[in-house]
Each structure stands twice: as structure tokens, then as C-alpha cells.
Protein chains: 2
Amino acid sequence: MFFKLNTSIGQPFYVQLMQQIRHAAESGALQDGDQLPGIRTLAEELVVSPNTVARAYSELEHEGLLELRQGSGAFLTIKRRARGLTERVQAASRKVEDLIEELHQEGLQDNEIWRLFETALFHRAEIGAE
Amino acid sequence: MFFKLNTSIGQPFYVQLMQQIRHAAESGALQDGDQLPGIRTLAEELVVSPNTVARAYSELEHEGLLELRQGSGAFLTIKRRARGLTERVQAASRKVEDLIEELHQEGLQDNEIWRLFETALFHRAEIGAE
DNA sequence: ACCACTGTACTGCTGTGATGCTACAGTTGT
DNA sequence: ACAACTGTAGCATCACAGCAGTACAGTGGT
């Protein structure tokens, strides 16, 4: 598996792992029914405690993205809605990358770009929340 | 002042505050030399500890965006580079909002969009870091 | 000189992320 | 049946981030 954790980003390991698994599922790198590495295996690979991986897996199970079968392993369960989402996500991903590239050409820094996204999404969330 | 903190986002108050002040500076809402509200005043408005505001201010001072003068207050100091950045940021801001809107029309959720930005910017960061 | 304002510094509490360890329980292949 | 794998669960522990409260120190107007 090709996950990678970043200590300097300040984000919890288990959250990073969750994000990466979600992304892998949405982008099609992982398919419905695929088996994920075992908790201990992955923990050893990433040099973290098995507990940490277990937590990520179990939270993803609550979200319905994973099915954990004791004794056999962890398997991806991609819902109906998500099928067909893959292409859209891939297309969207390209657009996002393009925009970032464009803004970068214009002399904006990564963190400035990040801030723009953040505030833009904040606005939506606030409106949506009320 | 028009700052607003969000408890449900999981981001520290002081970071949120920093982001919003930076954004206000970059977007032109705050000008060079402008005085910011006092620590206690702002703290009371946002219903947080004065300490929290103090931390945000002091970190921004290290970044060089603020000048803190004990006894008189906090003042914005916008560097040369930043001048002229304003229009670009505003333009960029619009592009970002447009893209988010577009993706949303295509049926993507906020958190999925968020994830896309995150991974896209991560890639850049990783490349830049190595 | 004084007072009301500014930022500063310190101390302590609390929640949480992460780890290590241990023991348990279901599944699968031999 | 057994062995070797899977996930589950519960602890204790450590470190650190976020936040609050409180007392201190500089500044400026009167």
C-alpha cells in the first residue's frame, strides 16, 4: 500500500490515514470489495501503533466505507451513490490541480491559496449550517 | 471587527483568528497601519480567553504581519511584496469560489471538495519539501 | 502623578493523540 | 483439531496543545 504519514502537518495520523483511504476509494485506486492491509501489517509499515490504524479503520467503518470482518480482514464497501462518482472526482481533481497551478503561476504561495479555499469553504459551511 | 469562530471545524481558535486576519489583510479589508481591536476587547467579542487572542496576535507578529506595541495596541504592517497582491488575491478568490460552486453543482460534497484541495496541495508540499 | 488603557508572562487544568501491552474472539487453510 | 492469521477491547501512560485566569509591565492622555 502507498500511504504516507506526515508528522509536520499537525494533523493526527489516524485522520491522515482516513483521508488517504477515502481518497483512494473516491479516485478509483481502490475498488469495491478490495481488501486492505491488516491492522498490524499496516501499522508496522507506517511505523505507528496498531491502535492508531485500528482507530482509522473503525471510524471509516462507522462511515460505511469499510467493512471490518473479524478474522478475515478489512474490505472496501463502496455505496451505490459512490459508483459513478469516480469519474467526476477524477475530473474534479484535475480541475483543482489546474486552478492551483494557475494561481501559483500568478505568484500566489501555497499557503495563500490554501487560505482562499479555506475561507471559501467556510462561507459555504456557515450558510449551510444556518 | 467581523471575525467569527467555529467550534465544529476542529481547528484551534487562535489559528482561525490568524487565518481571518491574514485574509482580511490580503483581501484589502484591512490596510497597512490599521489598528486592530485590543486583546481583551476582541476576546470578549469572540467569547474566548484574552490569551487566545494574544497568541494569535503574537504569532502574526513573528510572521511580520502585525506590530505589537505594548501600551498602545496592535497594528498591521503590510510588506512591500504584499502591496499589489490584493487585486490578485481578490481575483483568485473569485476563481476559487467559482470552482467550488461548479464542483458543487456536479454533485460533490463540501468534504469531498475539501479532500481534493487537501491532497492536491499536499502533493505540491511534498515535492517542495524533498 | 495618576489612571485607564495597551500588550506580556506565568501557572494550572483539561482533552486528546499516540503508544505499549495484554488478552480475547472470529475465520480460514491445513 | 489445530495453527496462524484476522479484528476487538481494555487498560495505563506519556506528551502536548488549547485554553482560562490572574497578576505584571509599558504607554499615553488628563
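Residue numbering restarts at 1 for every chain, and letters A, B, ... go by the order of the sequence lines.
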>> Enumerate the salt bridge (Lys or Arg N to Asp or Glu O under 4.0 Å) contacts for residues 13-26 of chain A, please, sequence neighbours excluded, ordered by first and then second residue.
In response: A:Arg22-A:Glu63, A:Glu26-B:Arg115
> Going 5' to 3' along nucleotides 19-30 of chain C, which nucleotides have protein heavy atoms under 4.0 Å from the base (write B), which only from the sugar-phosphate (write S), and which from neither (write -)?
Replying inline: BBB---BBS---
>> At 4.0 Å (heavy atoms only), tell me whether A:Ala54 reaches a base, stays on the sugar-phosphate, or touches nothing.
In response: nothing
All side chain to side chain donor-acceptor pair (under 3.5 Å) counterparts of [X], not counting sequence neighbours:
X: B:Tyr57; answer: none
X: A:Glu118; answer: A:Trp114, B:Gln11, B:Gln19
X: A:Glu59; answer: A:Arg55
X: A:Arg69; answer: A:Glu67

Just how far, in rounded Å, is [atom2] of [N] from [atom1] of [X]?
X: B:Arg55; N: C:dC10; atom1: CZ; atom2: P; result: 15 Å
X: B:Phe75; N: C:dC5; atom1: CZ; atom2: P; result: 16 Å
X: B:Glu61; N: C:dG7; atom1: CD; atom2: C1'; result: 10 Å
X: B:His62; N: C:dG7; atom1: NE2; atom2: P; result: 16 Å
X: A:Leu42; N: C:dA18; atom1: CG; atom2: P; result: 14 Å

> Counting only side-chain N and O atoms of A:Tyr14, is one of them less than 4.0 Å from OP1 or OP2 of C:dG17?
Replying inline: yes
>> Under a plain distance cut-off of 3.5 Å, with no hydrogens placed, do A:Glu101 and A:Gln105 share a side-chain donor-acceptor pair?
In response: yes
>> At a heavy-atom distance below 4.0 Å, which nucleotide of DNA chain D is the first touched by chain A, and which is the last?
In response: D:dT6 to D:dG10
> Taking only residues two or more places apart in sequence, or in another chain, which ones meet B:Asp98 in a side-chain contact (heavy atoms from CB on, under 4.5 Å)?
Replying inline: none
>> So, using ring pair (Phe, Tyr, Trp, His ring centres under 6.0 Å) as the criterion, who are the partners of B:Tyr14 when residues are at least two apart?
In response: none
